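For reference, the structure is listed below as structure tokens.
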Amino acid sequence: MLRIDDFTHDLVRRTVYECYKSGMSPTVESVTHAMREKTSGTDYEFLYGKRTVRRLLRSMGFLHKTVQRKFTRAEASNIIAWSYSYLEQIRVAFTWLQ
């Protein structure tokens, strides 16, 4: 079981989404490299290897999929459905308050 703090989880998730935004496929190698670049020269240095990043991504709900013959990471469909459901509940709650 990985014991990594919430800051690292958030930074990894944002790094994966930045890869998607820039049009790249977020591979374990690219995420690991990006994390090390982001944290180099700071008080918090990302010292984890590819194997740990792979396990971290899996524990966060990212899956390994092949898209157009390229290996990539994608968020599990049940987590996407849960987040949409949660956002809908928040929207309904704020609509009710107004």
Side-chain angles (χ1 to χ4, degrees):
M1 172 120 190
L2 292 173
R3 295 182 188 259
I4 296 179
D5 60 352
D6 290 336
F7 175 76
T8 305
H9 280 270
D10 184 52
L11 192 59
V12 168
R13 186 175 303 277
R14 283 187 287 142
T15 303
V16 170
Y17 289 143
E18 286 171 7
C19 287
Y20 283 131
K21 189 175 181 179
S22 67
M24 292 178 20
S25 295
T27 62
V28 172
E29 291 81 12
S30 65
V31 171
T32 305
H33 181 71
M35 291 291 294
R36 287 187 179 158
E37 280 185 359
K38 282 182 178 182
T39 60
S40 67
T42 63
D43 292 338
Y44 176 81
E45 292 218 24
F46 189 79
L47 302 175
Y48 302 107
K50 289 187 259 184
R51 184 173 180 187
T52 304
V53 172
R54 180 178 292 113
R55 290 186 0 224
L56 175 62
L57 288 170
R58 181 170 287 235
S59 73
M60 292 171 61
F62 288 97
L63 302 174
H64 180 81
K65 292 190 176 190
T66 303
V67 179
Q68 297 176 356
R69 296 188 164 240
K70 292 181 185 176
F71 295 110
T72 186
R73 293 279 168 182
E75 202 159 8
S77 59
N78 63 336
I79 293 178
I80 294 171
W82 175 84
S83 64
Y84 280 127
S85 161
Y86 177 72
L87 291 173
E88 180 64 22
Q89 289 173 1
I90 291 173
R91 187 186 65 78
V92 169
F94 279 112
T95 304
W96 180 75
L97 290 174
Q98 294 177 355

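Bear in mind that the values here come from a model prediction, so they are computed numbers and not experimental data.
A distance-only check finds no donor-acceptor pair linking the side chain of Ser85 to the backbone of Ala81 [under 3.5 Å].
Nearest heavy atoms, Gly49 versus Arg36: CA-NH2, 3.7 Å. Between Gly61 and Ile79, the shortest heavy-atom distance links the atoms CA-CD1, 3.4 Å. Nearest heavy atom pair, residue Ser30 against residue Ser25, reads OG-O, 3.7 Å.
Between the OG1 atom in Thr27 and the NZ atom in Lys50 there is a gap of 9.0 Å [rounded to 0.5 Å]. To the nearest 0.5 Å, atoms CG (Asn78) and OG (Ser83) are separated by 10.0 Å. The line from CZ of Arg14 to NZ of Lys21 is 12.5 Å long, rounded to the nearest 0.5 Å. Atom CZ in Arg13 sits 4.0 Å away from atom CE in Met60 (nearest 0.5 Å).
Residues Leu56 and Tyr48 fail the side-chain proximity criterion, which asks for heavy atoms closer than 4.5 Å. Two residues are said to be in side-chain contact when any heavy atoms from C-beta on lie closer than 4.5 Å; Phe46 and Val53 meet this criterion.
When the side chains of ILVMFWY residues are joined at heavy-atom separations under 4.5 Å, either directly or via intervening members, Val31 and Ile4 end up in a single hydrophobic cluster. Both Tyr17 and Met35 are members of a single hydrophobic cluster when ILVMFWY side chains are connected at heavy-atom separations under 4.5 Å.
Shown are Leu63, Val12, Thr52; of these, the side-chain contact (heavy atoms from CB on, under 4.5 Å) with Leu57 is made only by Val12.
Using modelled atom types, one finds a donor on one side chain and an acceptor on the other under 3.5 Å when comparing His33 with Glu37. Side-chain contact annotation: Thr39 with Thr42, donor-acceptor N/O pair under 3.5 Å absent.
Considering only residues two or more places apart in sequence or on other chains, Phe7 meets the side chain to side chain contact (heavy atoms under 4.5 Å, CB included) condition with Asp5, Leu11, Tyr44. Taking Leu87 as the reference, nothing meets the side chain to side chain contact (heavy atoms under 4.5 Å, CB included) condition, with sequence neighbours excluded.
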Could you check Arg58 against Arg55 for side-chain contact (heavy atoms from CB on, under 4.5 Å), going step by step and ending with a plain yes or no?
CA-CA 5 Å; Arg58 181 170 287 235; Arg55 290 186 0 224; 5.7 Å; no

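Using a 30° and 60° split on the angle between ring planes, Trp82 and Tyr86 fall in the parallel class, below 30°.
Remark: Glu18 engages Lys38 in a salt bridge, criterion side-chain N to carboxylate O under 4.0 Å.
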